[in-house]
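Presented below is the structure to which this report refers.
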Amino acid sequence: METAPKPGRDVPPKKDKLQTKRKKPREWKNPESQRSLSGAQDPFPGPAPVPVGVVQKFCRIDKSRKLPRSKAKTRSRLEVAEAEEEETSIKAARSELLLAEEPGFLEGEDGEDTAKICQADIVEAVDIASAAKHFDLNLRQFGPYRLNYSRTGRHLAFGGRRGHVAALDWVTKKLMCEINVMEAVRDIRFLHSEALLAVAQNRWLHIYDNQGIELHCIRRCDRVTRLEFLPFHFLLATASETGFLTYLDVSVGKIVAALNARAGRLDVMSQNPYNAVIHLGHSNGTVSLWSPAMKEPLAKILCHRGGVRAVAVDSTGTYMATSGLDHQLKIFDLRGTYQPLSTRTLPHGAGHLAFSQRGLLVAGMGDVVNIWAGQGKASPPSLEQPYLTHRLSGPVHGLQFCPFEDVLGVGHSGGITSMLVPGAGEPNFDGLESNPYRSRKQRQEWEVKALLEKVPAELICLDPRALAEVDVISLEQGKKERIERLGYDPEAKAPFQPKPKQKGRSSTASLVKRKRKVMDEEHRDKVRQSLQQQQQQQQQQKEAKAKSTGARPSALDRFVC
Amino acid sequence: VKVKMLSWNLDNYIVPRNYDPTLHPFEVLQEYVRVLNATKLEGVFAKPFLAWLDGHRDGVSCLAKHPKSLATVPSGVCDGEVRIWNLTQLKCIRIIQEYVLAFVGLLFTVGDDKTVKQWKIDRPGYREGEEAITYNIRKDTGIDHHWKEAVFATCGQQLDIWGKQRTNPICSMTWRFDSISSGKFNAIKTLILESCTSNRNIVLYDMKQATPLKKVILDMRTNTICWNPTEAFVFMAANDYNVFTFDMCALDTPVMVHMDHVSAVLDVDYSPTGKEFVFANKSQSREQRVICVKWTSDSKYIMYGSDEMNIHLWKANASEKLGVLTSQEKAAKYYNQKLKEKFQHHPHIQPTEQCIMKEEVNHIKHSKPGSVPIVSEKKKHIVAVVK
């Protein structure tokens with residue numbers, strides 16, 4: 001029997017190696033000259049090879065984009081920049097050696113299906129510290145719970161439907177606060193750090209301190225059903241029953257945008273961590289993408305035949321998982337074509353979806369959670385066989401993977417459960433970015449820096465790297481304006497001026513002849529080029545036809561035009 | 001069941017770094033915000049004025065740079081007094097009276113009384129009189145000293161090259177009957193000289209062959225020229241209303257035209273890096289004129305002498321922190337500089353070094369002139385090139 005794909009292992013290693021580019025070939029020592037006294041030679045001369053896939057990860061310039069023809073100086077600058085980027089990405093790929101941790105994995109014995117392995121078995125097989133990460137909080141009294149982990153993954157906040165709100169450090173099990181807000185709690189989110197909580201209560205949005213002290217009651221955000229916090233922009237996005245999507249800037253305390261989604265009640269919301277775009281799911285089967293800068297959605301994707309019940313986007317912003325009332329679970333490609341990559345019919349529709357940092361997808365269907373895994377970080381999860389399943393003591397109301405840990409937190413009507421999912425968390429965190437082991441001083445420094453670098457809300461768009469690209473539109477517009485202003489195009493190729501020659505070679509007839517020669521040559525080049533292009537096109541068409549005709553050629557193929 | 005879970009070993013805990021781009025999704029936008037902040041802070045910290053040196057009793061007409069000492073600056077005034085200043089102490093260390101129109105080129109003064117006098121920089125000892133070696137010459141208006149040899153050139157009716165201790169010039173060069181207003185030696189190709197004449201010409205001379213080489217006729221008169229200290233063939237000409245950068249090999253088209261001056265440009269000087277220059281122009285709104293401007297040899301300060309009878313000392317980079325910087329400050333400074341360079345074309349980010357000091361002295365980067373030079377515009381100002 002086939003085992004489920006292992007999320008912890010890398011792609012079959014070291015098939016393609018890239019010799020590092022040596023800029024100064026004379027520095028590369030001749031192996032003959034490196035012979036030592038004993039006569040031994042270096043068996044691995046030259047620099048160590050670097051795997052291509054890792055180098056690709058660090059490349060940021062999109063080389064497939066064609067830029068308009070520019071001056072030689074600009075072109076040489078761009079070439080230099082590209083060469084530098086290659087060198088830097090090789091160096092960065094080498095520095096991956098310093099990453100201390102490997103991701104987790106789970107393998108069944110003798111081809112056993114990992115989906116059949118239960119949590120108790122995993123807890124037995126694992127060390128004490130990791131086993132302690134699996135716990136169940138039985139809280140039946142205060143209703144189904146929704147939960148949220150802080151950005152570093154160290155703290156957990158949960159809120160029950162009947163008003164119970166608590167925040168704790170779940171690793172040390174140290175409770176920070178536990179209150180009852182005396183009102184229904186619909187959603188709960190940590191703000192930028194574990195110091196502040198946002199609770200969407202029945203009527204309004206409240207902000208609490210982690211000691212349980214109520215700090216703000218924001219009456220403009222009323223009847224909020226879902227909350228999302230955009231950490232780099234310090235924006236709290238709220239989706240309400242009234243159909244409004246409101247963005248609140250928590251660093252200055254202003255409402256940046258209140259957008260009318262014009263689609264009725266909003267209760268399915270998710271953020272795209274790659275570009276901070278909010279995805280809203282609607283009852284007509286569409287998912288719309290919103291940015292605070294625009295009154296209209298950035299895009300609308302038709303996903304399901306019935307209403308959309310859950311949306312989740314993975315951490316690289318490449319895949320979006322949606323599930324709908326038609327019992328389908330679909331994974332869409334967000335970068336490029338917005339087409340579904342894979343579909344799966346579920347016996348029971350999934351009401352909750354979440355992605356982990358390493359691309360695992362969890363779906364909560366009733367009181368069962370199913371986790372699907374892919375081939376590694378960059379690939380979509382394969383929906384054929386689940387990786388793990390678990391049954392809880394009540395229907396699921398909230399799901400989130402803990403960042404940087406192999407743990408899934410589930411909020412259900414019986415309380416909170418923390419499940420072990422080996423291979424879910426990113427093993428190597430960046431200490432200056434989100435550090436679960438940061439001290440108070442480090443947190444203070446990080447907070448100041450994060451506030452200084454807070455990205456303005458107007459810059460949220462589908463491509464967060466747009467500012468680093470060559471501004472082709474302005475370039476072309478500038479060129480057009482220049483041509484209009486000057487009356488001629490200064491960069492157009494100047495017409496050929498034959499050089500004046502001595503000894504009678506500069507007579508009118510010979511000048512005309514020379515000009516003709518050059519014009520004819522240019523014409524010939526153009527014709528040649530266009531012929532080549534035509535040939536290429538024909539070739540491509542032929543290949544496409546050959547592929548599409550299928551395995552059985554018929555006698556009528558010769559009549560295809 | 002084979003299972004491995006993530007668990008961190010905190011024994012050797014330092015701040016671990018992971019440069020994976022997926023962990024830093026908004027790096028471009030964060031850099032953009034950092035540039036905006038850096039630009040704002042640059043405006044906050046822009047305090048370019050340092051000091052002025054008072055003491056002269058008439059408008060300062062010329063300044064000179066000491067080749068070996070950063071702090072010593074001699075200045076000359078229209079009424080004939082020459083003062084040698086110490087910039088670190090902001091004090092005058094020596095005064096020399098000359099009584100007539102004095103031009104200073106390093107250790108020499110040229111006087112209206114048709115003499116060139118060579119003085120020592122140091123103060124004479126007690127009871128020693130002021131000593132000067134006098135050369136008698138015709139009426140001259142400009143002087144420059146060779147960068148390496150003990151030879152200097154004066155210009156007036158013709159360009160004379162003098163050696164030390166000689167009463168007659170080694171050679172004189174002239175091209176027709178022009179009166180030459182200023183001359184400069186090339187810093188790198190030290191045998192080449194350059195001069196501007198009252199006939200709207202700029203003439204190049206070769207000292208070895210003792211002949212003029214080429215000349216270019218512009219449409220307006222050039223006041224001074226300055227050789228680029230790092231590029232051998234490039235010099236800058238301070239024309240009335242324009243500043244041109246010429247390449248000596250191709251005099252028919254200037255490399256760059258720096259336009260946008262409302263009044264005549266009186267003096268121009270290159271930074272020792274050869275990448276930036278400063279020019280002084282007459283300002284119409286005020287009485288004062290800035291007559292001479294110089295960049296200090298450490299490329300950090302600009303000094304100019306004005307009609308206000310004092311010398312101003314300004315920072316070249318207005319928001320720069322002076323003194324010894326810690327490594328973090330240096331890293332932050334270079335990072336901000338590089339970021340500004342990267343995002344310079346965005347509308348909200350001003351290019352650096354655009355500080356405008358009191359409308360009198362402007363400092364611009366060599367690579368970003370004030371206008372887009374179109375081919376016809378460059379050629380517009382050149383009348384002819386003569387070999």
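We name chains A, B, ... by the order of the sequence lines, and we start the count at 1 in each one. Since we're looking at a predicted model, the values are computed, not measured.
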Fill in: Engaged part of A/Glu426 at the chain B interface, taking heavy atoms whose separation is under 4.5 Å
both
Worksheet item: Looking at A/Leu452, A/Val421, A/Asp127, which makes the most heavy-atom pairs under 4.5 Å with chain B?
Response: A/Leu452
Fill in: Heavy-atom proximity to chain B below 4.5 Å, by part of A/Ala468
both
Discussion item. Applying side-chain contact (heavy atoms from CB on, under 4.5 Å) to B/Tyr270 and B/Trp227, what does each step give before you reach the verdict?
Written reply: CA-CA 7 Å; B/Tyr270 261 107; B/Trp227 287 97; over 6 Å; no
Worksheet item: So, A/Glu445 side chain and A/Gln442 main chain: donor-acceptor pair closer than 3.5 Å or not?
Response: no
Discussion item. For B/Lys275, is there any backbone N or O sitting under 3.5 Å from a side-chain donor or acceptor partner on B/Ser271?
Written reply: no
Item to complete: Let me know which of A/Leu388, A/Asp406, A/Val123, A/Leu408 forms a side-chain contact (heavy atoms from CB on, under 4.5 Å) with A/Leu420.
Response: A/Val123
Worksheet, complete the sentence: The interface call for A/Leu459 against chain B, heavy-atom contacts under 4.5 Å, is both
Worksheet item: By a 4.5 Å heavy-atom criterion (distance strictly below it), what part of B/Tyr19 contacts chain A: side chain, backbone, both, or neither?
Response: both
Discussion item. Looking at A/Gly317, is its backbone amide N or carbonyl O close enough to the side chain of A/Asp314 to form a donor-acceptor pair, meaning the two atoms are under 3.5 Å apart?
Written reply: yes
Discussion item. Does any backbone or side-chain atom of A/Ser95 lie under 4.5 Å from a heavy atom of chain B? Answer side chain, backbone, both or neither.
Written reply: side chain
Worksheet item: Quick one: what part of A/Ala276 sits under 4.5 Å from any heavy atom of chain B, side chain, backbone, both or neither?
Response: both
Discussion item. Looking at chain A, which one of B/Leu6, B/Val28, B/Val3 has the largest number of heavy-atom pairs inside 4.5 Å, strictly under?
Written reply: B/Leu6
Fill in: Top contributor to chain B interface from A/Leu98, A/Asp121, A/Asn275 [non-hydrogen pairs under 4.5 Å]
A/Asn275
Worksheet item: Can you list the steps and then say if A/Glu109 with B/Lys2 is a salt bridge (Lys or Arg N to Asp or Glu O under 4.0 Å)?
Response: CA-CA 7 Å; A/Glu109 283 175 21; B/Lys2 279 181 239 164; over 6 Å; no
Discussion item. Has A/Asn428 got a side-chain atom pairing as donor or acceptor with A/Ala100's backbone, closer than 3.5 angstrom?
Written reply: yes
Worksheet item: Is it true that atom CZ of A/Arg77 has more than 12 heavy atoms of other residues, nucleotides or ligands lying nearer than 6.0 Å?
Response: no
Discussion item. Please classify the contact of A/Leu432 with chain B as side chain, backbone, both or neither, using a heavy-atom distance under 4.5 Å.
Written reply: both
Worksheet item: Looking at A/Leu99, A/Ile117, A/Ile122, which makes the most heavy-atom pairs under 4.5 Å with chain B?
Response: A/Leu99
Discussion item. What I'd like to find out is whether the side chain of B/Gln30 reaches to under 4.5 Å of the side chain of B/Val33, using heavy atoms alone.
Written reply: no
Fill in: Residue part contacting chain A, namely of B/Glu31, when any heavy atom lies under 4.5 Å
neither
Discussion item. Less than 4.5 Å to any heavy atom of chain B: does that hold for the side chain of A/Lys454, its backbone, both, or neither?
Written reply: backbone
Practice prompt. State, yes or no, whether a side-chain contact exists between A/Glu107 and A/Thr114 at a heavy-atom distance under 4.5 Å.
Written response: no
Worksheet item: So what's closer than 4.5 Å to chain A heavy atoms on B/Arg17: side chain, backbone, both or neither?
Response: both
Practice prompt. Heavy-atom distances under 4.5 Å only: say whether A/Pro436 touches chain B with side chain, backbone, both or neither.
Written response: neither
Discussion item. For B/Leu322, is the CG atom crowded, meaning more than 12 foreign heavy atoms sit under 6.0 Å from it?
Written reply: yes
Worksheet entry | Under 4.5 Å from a heavy atom of chain B, the part of A/Ala125 involved | both
Discussion item. Looking only at heavy atoms and a cut-off of under 4.5 Å, which of B/Leu23, B/Leu29, B/Thr22 has the most pairs with chain A?
Written reply: B/Leu29
